[in-house]
Structures are given as C-alpha cells and as structure tokens.
Amino acid sequence: MLPKVSVVVPIYKVENYLSRCVDSILNQTYLNLEVILVNDGSPDRCGKMIEEFAAKDTRVKAVHKQNGGLSDARNYGMKYVTGEYTLFVDSDDWADLSMIEEMVETSLSFQADVVQSAFYYAYEDHLLFDNRYYSQDDPPVILNNKEVMSELVINERVKNFAWGKLYKTNLIKDIPFKKGVLFEDVFWAHKVMHQVNKYVILNRPQFYYLQRSDSIVATYTPRNLDIIKGLKERHSFIERHYEGLVDDSYKVIVRTCLTHFNLLLLNGLKDKGGIHKQEIKNYIQAHAAQFNKAVKKDKELKKQLALFLIHPYLNVGFLAAKKLLRKIKLLPRPIGLERINT
C-alpha cells in the first residue's frame with residue numbers, strides 16, 4: 001500500500017480562502033491522506049467550516065485550539081500526524097490536484113528525505129514563476145546535505161518556506177516551530193536540512209502561493225524584524241556546522257538588515273525614537289569587517305554597504321536614484337519573473 005501523507009493546515013481568519021485550499025487537498029489524485037485542519041482560535045466561520053469538511057470526508061481531522069499563532073498551530077497539528085510523510089499547506093494557498101502524487105512518487109523513486117515543488121506567486125489576475133534558474137521542463141534536481149544547506153542559506157532555489165515540501169515525518173517530528181515569532185520558517189528550516197541526506201526539487205510549479213494586496217510598507221511593524229533574529233540564530237548554527245557557508249550567511253544578513261533599515265525609515269512612526277534603526281546601524285558597524293569580506297564579490301551589495309557605513313542615508317539616496325533612473329529608462333530594469341495572465 002502506498003504510504004500515508006499527513007497534510008497539516010493551520011487556519012486563522014481565512015474563511016474566504018479556506019474552501020479553495022481544502023478542496024485542492026481533498027481532490028488530490030493521491031488518496032491515502034489524512035488532512036489535519038487546525039482552527040487556531042479563528043473568530044470567523046473557519047471553525048464551523050472545518051467541522052463540515054470533517055463530516056463529509058473521513059480523512060479530515062478537525063481540531064481546535066486557542067489562538068497561538070502559525071507556529072503553535074503547526075506544532076499542535078503535528079501531534080495528530082500518523083502518516084509516513086508530512087506536508088504543510090497554509091490556508092490561503094492551494095495545490096494542483098496531482099501535486100502530492102508526484103511528490104510521493106519522486107520521494108520513493110529517489111529515496112528522498114524532502115521533495116520540494118516549484119510554485120507560483122499567485123495574484124488576483126496573474127501568476128509569477130521564478131524561471132531564473134530552471135525551466136518548468138527541466139528534470140528533478142537532486143541535492144545532498146551540504147548542497148541543500150548552501151541553497152537554503154542563499155534562499156534562491158531552496159526557500160526557507162516550510163510549506164510546499166513533502167517531508168519524511170521522522171525527519172521533522174522532533175523539530176518544533178519556534179512560537180511567538182514572525183518568519184518562523186527561518187528559525188526552523190536549517191535544523192531540518194541539517195538532517196537531510198537527499199533533497200529533490202521538482203521544477204514544474206504545482207503550488208500556488210497567494211499574494212495579498214496589502215503592501216509591505218503599509219503593513220510593516222517592528223515585529224518584521226524577527227527575520228533578522230532568525231537569520232542571526234541560523235548564523236550561529238552555520239558557524240558551528242558549516243564553516244564554508246559563513247560568508248554566504250553574513251551576506252544574507254547584511255542585505256536583510258539594509259532592507260529593514262529602509263523599511264523602518266519609511267515607517268518612522270512605528271520606530272519611535274529610531275530605536276530599531278539604531279540597533280541595525282550598531283550591528284552593521286560592529287560586524288563591518290565580516291560583512292565587507294562577505295560582500296566583496298557582489299558589486300551592488302558592496303557599494304550599498306560602503307555607503308551605509310559612511311552614512312545610512314547615502315545608501316537610501318543611492319537606491320532612490322537607481323529607482324528613478326530605471327523609471328526614466330536610463331538604467332535597465334532588473335530581471336523579473338515570468339508572468340502568466342489568468
């Protein structure tokens with residue numbers, strides 16, 4: 001008999017998206033599923049909806065808990081997992097109906113610990129596909145432990161996202177998500193990849209990652225700085241176990257710090273007294289030597305860091321000037337993603 005796949009779906013205030021998500025799971029061509037729907041204290045109709053799903057399909061487990069956030073809901077759902085494989089799906093995303101079947105076949109064929117599906121960024125009227133590294137028709141990519149950790153740190157081919165990947169349950173069952181943080185996957189993924197012997201990437205996108213209309217500037221809060229905390233925590237892990245990836249890790253941290261400094265600048269009212277900007281500035285200055293070494297082969301980031309170290313607003317002005325020059329077509333636009341109209 002084919003192995004059972006446990007699908008864990010944390011749910012909070014998504015009543016407008018939930019049916020599309022759950023239907024895409026229950027209608028999979030792969031039938032040996034258990035679908036664990038975790039109502040994380042949602043104040044809307046989600047709790048009632050998951051009970052209705054459970055009443056119609058015996059594969060569904062509807063569980064309810066007090067609101068504790070995405071990490072807490074995933075951890076709670078893992079208590080009910082009995083499958084040989086586990087798949088996380090966020091409740092506003094959805095999947096092609098053959099996705100799980102192809103992922104299981106791939107895992108069995110390659111004896112892979114983790115199988116990653118390519119995905120679309122799903123907007124209201126179009127999809128975006130990242131075709132910078134592979135095309136949809138390319139064969140599966142097979143990575144070993146060191147390769148997958150390197151790709152995870154770079155965060156291009158292997159993303160930090162927990163969702164959209166089929167895991168052997170034994171690999172992740174004792175690695176809980178960190179509670180009370182945003183960007184919880186950044187705190188978690190490297191611990192999982194450290195255990196991986198074989199990782200396979202499927203290049204045909206079968207997963208749809210919904211992009212909400214709210215802009216990051218409008219919704220930004222200091223809690224978004226959790227990503228820097230996660231990257232620092234991961235960096236300590238990298239220093240202990242993957243010495244060859246230290247510079248790549250530093251490079252990601254400094255790029256993220258520069259980005260969030262600018263976002264805080266655009267949201268000055270949310271950073272009273274400039275406390276968070278000052279923390280980022282102090283951190284970059286304290287690690288200037290390590291950062292300069294890490295970015296020496298990246299001309300763009302090297303320039304941004306140099307300007308920031310002279311004065312942070314010089315980097316802001318540099319980026320604003322580049323944006324203007326691109327707008328008036330004196331500079332080429334950066335390579336974008338493939339757009340598919342829907």
Side-chain angles (χ1 to χ4, degrees), residues 5 7 9 14 16-25 27-30 87-107 109-110 112 114-143 147-167 183 185-186 189 192-193 196 199-216 219 227 248 252 255-256 259 300 323 326 331-342:
V5 176
V7 185
V9 186
V14 287
N16 292 332
Y17 307 104
L18 186 58
S19 290
R20 177 176 62 188
C21 171
V22 176
D23 287 344
S24 79
I25 299 168
N27 292 320
Q28 289 285 312
T29 56
Y30 194 86
L87 176 73
F88 296 108
V89 177
D90 288 352
S91 50
D92 50 1
D93 300 333
W94 69 102
D96 280 347
L97 301 186
S98 61
M99 185 184 81
I100 295 178
E101 180 177 11
E102 183 171 346
M103 294 176 96
V104 171
E105 288 177 352
T106 300
S107 179
S109 176
F110 291 95
V114 183
V115 177
Q116 170 185 303
S117 172
F119 65 92
Y120 292 111
Y121 296 96
Y123 293 83
E124 186 174 332
D125 61 350
H126 69 280
L127 306 172
L128 291 180
F129 170 63
D130 190 347
N131 62 350
R132 292 173 295 170
Y133 308 106
Y134 308 111
S135 73
Q136 298 190 28
D137 298 326
D138 284 346
V141 178
I142 304 169
L143 303 173
E147 290 169 335
V148 72
M149 187 63 77
S150 176
E151 292 293 346
L152 180 73
V153 170
I154 296 168
N155 195 36
E156 293 290 354
R157 297 170 178 87
V158 176
K159 301 292 187 182
N160 283 286
F161 308 139
W163 51 258
K165 300 178 175 75
L166 185 75
Y167 305 89
F183 303 99
D185 297 349
V186 176
V192 174
M193 300 314 162
V196 167
Y199 187 101
V200 177
I201 301 173
L202 299 176
N203 293 304
R204 184 168 68 87
Q206 296 197 76
F207 198 82
Y208 298 81
Y209 175 32
L210 182 67
Q211 305 297 294
R212 304 282 186 97
S213 58
D214 298 335
S215 74
I216 188 170
T219 60
I227 191 171
D248 286 335
V252 172
R255 181 184 287 116
T256 305
T259 297
E300 179 73 12
K323 185 175 181 180
R326 285 189 177 123
L331 275 181
R333 291 185 178 275
I335 297 173
L337 309 184
E338 178 184 357
R339 179 182 173 117
I340 302 165
N341 293 323
T342 56

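Computed from heavy atoms alone, side chains included, the values below leave out hydrogens, waters and symmetry copies.
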- Message: Looking only at the side chains, is there a donor atom on one of D96 and Y208 sitting less than 3.5 Å from an acceptor on the other?
- Response: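 Side-chain D/A pair, D96 to Y208: present.
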- Message: Please tell me whether N160 and D185 have a donor and an acceptor in their side chains that are separated by less than 3.5 angstrom.
- Response: no
Looking at side-chain heavy atoms only, is the closest gap between [X] and [Y] below 4.5 Å?
X    : Y    : answer
I100 : V7   : yes
D90  : F161 : no
L210 : R20  : yes

Would you compute the distance between atom [atom1] of [X] and atom [atom2] of [Y] and round it to the nearest 0.5 angstrom?
X    : Y    : atom1 : atom2 : value
I142 : E147 : CD1   : CD    : 10.0 Å
R212 : Y17  : CZ    : OH    : 4.5 Å
T106 : L202 : OG1   : CG    : 4.5 Å
N203 : R157 : CG    : CZ    : 10.0 Å
M103 : Q206 : CE    : CD    : 8.5 Å
D130 : F119 : CG    : CZ    : 7.0 Å

Indicate the atoms forming the closest heavy-atom contact of [X] with [Y], along with that distance.
X    : Y    : value
A95  : S24  : N-OG, 3.2 Å
W94  : A122 : CH2-CB, 3.6 Å
D138 : S135 : OD2-N, 2.9 Å
S91  : C21  : O-CB, 3.4 Å
K165 : L87  : O-CD1, 3.2 Å

- Message: With side chain to side chain contact (heavy atoms under 4.5 Å, CB included) as the criterion, how do Y199 and E151 come out once you've worked through the C-alpha distance, each side chain's angles and the decisive distance to 0.1 Å?
- Response: CA-CA 11 Å; Y199 187 101; E151 292 293 346; over 6 Å; no
- Item | Donor-acceptor pair, side chain of T256 and main chain of V252, under 3.5 angstrom |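 Indeed, once roles are kept as given, a pair shorter than 3.5 Å links the two residues.
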- Using modelled atom types only, decide if a donor and an acceptor are shared between the side chain of D93 and the backbone of V89 within a distance under 3.5 Å. no
- Query: What orientation do W163 and Y209 show, parallel under 30°, tilted 30 to 60°, or perpendicular over 60°?
  - Reply: tilted
- Residues Q28, M99; criterion side chain to side chain contact (heavy atoms under 4.5 Å, CB included); working and verdict: CA-CA 7 Å; Q28 289 285 312; M99 185 184 81; 4.2 Å; yes
